[in-house]
**Q** 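Below is one structure. I have some questions about it.
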Amino acid sequence: MLSTDPLYLAFFITGLTVGFGHCIGMCGPIVVSLSLNSKESHLVFRHLLYNAGRVITYGILGGLAGTLGSFTILASSILSLQKGVLIFAGTLILLMGLAMGGWLPFGNFLGSGGSSSVFSKWFQRFSAAKSSVCFLLLGLLLGLLPCGPVYTALIASARAGMNAQTTPEAWVSGMGLMLAFGIGTVAPLLLVGKLAGLGLMKSRPLIYKISSVLMVLVGVYFIIQGIRY
Amino acid sequence: MLKSCTIKGRCLGFLLLICLFCGMMTGDPWKAIAGGPSSENSVNCDMQQGPCTKHLGDIILTLDILPKPVMAMKDLTFTLTVSGKNLSSEPFIDLGMPGMDMGPNRVELRRVKDTVYEGQGVIVRCPSGRKTWKATVTLPQTGKVEFVFDVIY
């Protein structure tokens, strides 16, 4: 396993570089949506939890790819799940956009609702009690989102597993590579989350409204992509 | 509206969301800002129909990918035939998408006959729906040739 150590650094750097390009483009809208629907004081902690969940999922996928020694077997096994997660993410962003724009009766999805409807009470309970934990769960789930660079890193994990002598070593090699890759992607997405949550969009009703429309469009785009995937 | 956007970038987050929105549609926010893919990244071979041939000076390189049709997320065999030069070290192929960083995906080739090299690889699927891929063939100490082709999802 020691012979693969430089690979961990290589995949951390890959995660970092891909994070500033591809991940910001594909996953950025999710992160921005989460920022827009969170209080500023909780923002960094919640994004750390979200990213931790995402990286844990990557690690588990890496371990599986390493143990199987095949990327295509893993990919075909989780295809339906990924399709569902893509549609779920789109629905989530769509709902957050609609709620943020005031087009739903229960206020901000992860923030404070204003109405006394059943929806409002449910969402208020959701946001007040365990919303931070929800970010971890959300990260765990959205770590399954279909993503080209994640697939590429999983191919490397499968290859690392094939070169391992034992099954545990294959698991550790695959997981280690994906963890290194995932940790590399954290900084860019944290940066985007922080920038989006500076209170800028929240301070101007018109900008906030336009942002809501963009989120709705992004949500619809994700749902369509999920159906077609 | 712009006047009201003061220091600390009141509009920064808003612009960020717009860039991300455009970036998501193209797969890369920076390309979305800079412009679309260049002509050098346009499809230059039909890998679904058969092998593609390119020239690197006097060297003729023929790349084939099997099985057909060439599909993403499947185990593929890459066969490279090099005519016009004896290679001192084995060539390799880097798979990527034009204008989009998909991470390092290298296919190591092994010599199977005098001028024929073969390796296994996977072309991954991009959720953006783009299907154009680029196989950059590198002949060590000699040069590189790009095969740009469409795959089937």
Side-chain angles (χ1 to χ4, degrees), chain A residues 10-11 14-15 17-18 20-22 24-29 31-33 35-36 70-73 75-76 79 82 86 145-156 158 181 192 195-204 206-208 210-211 214-215 217-218 221-222 224-226 228-229, chain B residues 1-34 71-76 94-97 99-108 119-131 133 151 153:
Chain A
F11 269 82
T14 299
T17 53
V18 163
F20 274 107
H22 193 101
I24 287 181
M26 299 303 286
C27 302
V31 175
V32 171
S33 304
S35 288
L36 290 174
S70 166
F71 164 74
T72 49
I73 291 173
S76 59
L79 180 67
Q82 287 191 302
L86 194 53
L145 274 173
C147 170
V150 171
Y151 288 148
T152 305
L154 282 172
I155 291 172
F181 170 81
V192 170
L195 284 174
L198 282 174
L200 317 171
M201 286 183 254
K202 298 172 186 175
S203 61
R204 288 281 175 272
L206 179 62
I207 293 178
Y208 202 56
I210 296 171
S211 301
L214 288 177
M215 277 173 62
L217 292 174
V218 168
Y221 175 79
F222 266 66
I224 292 170
Q225 290 298 96
R228 290 170 53 189
Y229 198 71
Chain B
M1 189 177 78
L2 283 175
K3 271 188 177 177
S4 64
C5 297
T6 55
I7 44 169
K8 279 201 172 183
R10 274 185 183 279
C11 293
L12 189 60
F14 178 62
L15 290 173
L16 186 65
L17 189 63
I18 289 180
C19 287
L20 290 178
F21 182 72
C22 299
M24 199 185 60
M25 298 301 168
T26 61
D28 189 330
W30 318 121
K31 293 283 176 199
I33 296 165
M71 296 185 74
M73 309 298 270
K74 299 284 179 198
D75 290 310
L76 300 168
D94 286 312
L95 299 170
M97 266 191 145
M100 199 184 296
D101 185 2
M102 300 294 278
N105 185 359
R106 179 165 292 183
V107 179
E108 304 284 355
Q120 307 294 319
V122 181
I123 292 172
V124 302
R125 179 174 180 170
C126 181
S128 71
R130 288 174 63 184
K131 295 173 182 174
W133 276 80
V151 298
Y153 286 166

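So that the names make sense, note that chain A is the first sequence line, chain B the second, and so on, each numbered from 1.
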**Q** By a 4.5 Å heavy-atom criterion (distance strictly below it), what part of B/Q120 contacts chain A: side chain, backbone, both, or neither?
**A**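 Backbone only.
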**Q** Please tell me whether B/D75 and A/T72 have a donor and an acceptor in their side chains that are separated by less than 3.5 angstrom.
**A**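 Yes, a side-chain donor-acceptor pair sits under 3.5 Å.
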**Q** In Å, rounded to the nearest 0.5 Å, how long is the span from CG of A/L79 to CZ of B/R125?
**A**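 The CZ atom of B/R125 is 7.0 Å from CG of A/L79, to the nearest 0.5 Å.
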**Q** Would you say that A/V218 contacts A/F222 through its side chain, given a criterion of any heavy-atom pair below 4.5 Å between the two side chains?
**A**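 They are in contact (side-chain heavy atoms under 4.5 Å apart), so the answer is yes.
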**Q** Considering only heavy atoms and a distance below 4.5 Å, find which of A/A156, A/A75, A/G148 pairs most often with chain B.
**A** A/G148
**Q** Tell me which of these, B/P104, B/G121, B/A72, B/P127, has more heavy-atom pairs under 4.5 Å with chain A than the rest.
**A** B/P127
**Q** Would a distance-only check, ignoring hydrogens and angles, find a side-chain to backbone donor-acceptor pair under 3.5 Å from B/Y153 to B/C126?
**A** yes
**Q** Under the 3.5 angstrom rule, does the side chain of A/T152 hit a backbone N or O of B/N105 as a donor-acceptor pair?
**A**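 Answer holds: no.
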**Q** Flag the one option from B/M97, B/R106, B/M73 with the top tally of heavy-atom pairs under 4.5 Å to chain A.
**A**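 Of B/M97, B/R106, B/M73, B/M73 has the most heavy-atom pairs under 4.5 Å with chain A.
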**Q** Is A/Y229 in contact with chain B via its backbone, its side chain, both, or neither, using a 4.5 Å heavy-atom distance?
**A** both
